[in-house]
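Written below as structure tokens is the structure these notes are about.
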Amino acid sequence: MKDTELFEMALGLIPPWKVESSEFNPETKRLDIMIDFSRGGTFSCPECEKENLKAYDTELKTWRHLNFFQHEAYLTARVPRVKCNKCGIRLVDVPWARASSGFTLLFEAMIMTLAKAMPVKTLASFVNEHDTRLWRIIHHYVDKGRSVADFSTVQEVGFDETSSQRGHDYVSVFVDLAGPRILFATEGKDSATVGRFKKDLLEHGGCGENIKQMCCDMSPAFIKGAREQFPDTQLTFDKFHIMKIVNDAVDEVRRQEQKDRPELFRSRYIWLKNPENLKKSQAQNLENLTVKKLNLKTSRAYHIRLNFQELFKQPPLLAEAFLKKWYFWATHSRLEPIKEAAYTIKRHWNGVLQWFKSHINNGILEGINSLIQAAKARARGYRTKKNLIAMIYMIGGKLNFDLPT
Ligand SMILES: [Zn+2]
């Protein structure tokens, strides 16, 4: 078997395409494979697919292919232009690359696989290409995958913001909670993000009336956006965010009280964790600090927090009565931060109780967010938010990139 035949098999070439020659340069560590087509070979028009067209003339093109061990491999071919009655003179499609890409499909498939697992910058130096060229590949496949994504069955949507660079900029992420999959990601955390999501949902066969339930935090911008864009949708406030409001209030009580009560020093975490998650020494410390005669405000706040947590264990029919009782207790606690937390919950009453009907939360978004943060940490310097958003779709969009394997 000749080496040209070997390369033909490796590349999966079918007539009229064939490998003409190959040249290996040990100094530049480069392998060049020259591809050509047989005399008299015919091609189809790339526009209308009309067959049996002869080459009108040719253009010489080169594509980066998968490395051959540590050597960069390139394919070079004379690509014919055909003269189609209907479409005019057109460059034909070659089976190993998509139109106007400088890479073969297999090279692009490798990039798409590795970009999920390693920083694009590292990947770029690994394959000796500029990272903007790799980002171009990623954007192409993400856009292609998103163009055929179908949102017609989406009924429950959770959304939340994630910080992009160093916490200054934000990207809001919308998730199909049943998927779960990322539907949409967009810059900002204002109410307009929900409008952009609605537009994108409609463009993907979804429909506002289909969305029965939405879940978000208590951010006024998100609430406003949801009410405007999805007036018939029931809003559930994410219970982890609700719990955080009460938790933060306990922490604030402790912070204020600590100024006069040195025994509270370095006790922060024992009040924030649940008792069953404490280490033995922490549990002992908690026991010492919660004895009645110490009469610590922090201890009272802590018990109000523990009681609030019980809300989510109530049977649906008793939930509102339970929350009312808790509210009375919290607002009569004479602990300002706890009272503030209770007022916040009062203002969001229906969306807090909606959980007993919808049973949805944004836990899945927390998981996705940690993936995003990990990807960011790995890929310092996304250059642009557009790149970050493409990466978010790659991680969680469950898109079909339709790549060769
Ligand atoms: Zn044509």
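One is the number of the first residue; the rest follow in order along the sequence. Quick note: numbers below take in every heavy atom, side chains included, and nothing from hydrogens, waters or symmetry partners. Whatever order the structure lists them in is the order used to number ligands and atoms, beginning at 1.
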Counting only pairs under 3.5 Å, give me each side-chain donor-acceptor contact of residues 242-252, with atom names and distances, residues two or more places apart or in other chains.
unit_1, atom_1, unit_2, atom_2, d
Lys244, NZ, Asp248, OD2, 2.9
Asn247, OD1, Arg305, NE, 3.3
Asp251, OD1, Arg254, NH2, 3.0
Asp251, OD1, Arg268, NE, 3.1
Asp251, OD2, Arg268, NE, 3.1
Asp251, OD2, Arg268, NH2, 3.1
Glu252, OE1, Arg255, NE, 3.2
Glu252, OE2, Arg255, NH2, 3.0
Glu252, OE2, Gln256, NE2, 2.9

Determine all donor-acceptor pairs shorter than 3.5 Å in which one atom belongs to a side chain in residues 42-55; sequence neighbours excluded.
unit_1, atom_1, unit_2, atom_2, d
Glu47, OE2, Arg90, NE, 3.1

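Judged as a salt bridge (Lys or Arg N to Asp or Glu O under 4.0 Å), not a single pair has a partner in residues 271-286 (not counting sequence neighbours).
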> How far apart are the C-alpha atoms of Thr62 and Leu75, what are their side-chain angles, what is the distance that settles it, and do they pass the side chain to side chain contact (heavy atoms under 4.5 Å, CB included) test?
Replying inline: CA-CA 6 Å; Thr62 298; Leu75 309 187; over 6 Å; no
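A donor-acceptor pair shorter than 3.5 Å can be found between the side chains of Tyr141 and Glu108. Between the side chains of Asn361 and His241, no donor N or O sits under 3.5 Å from an acceptor N or O.
Excluding waters, the set of protein N, O or S atoms lying under 2.8 Å from the Zn ion (ligand 1) comprises Cys45 SG, Cys48 SG, Cys84 SG, Cys87 SG.
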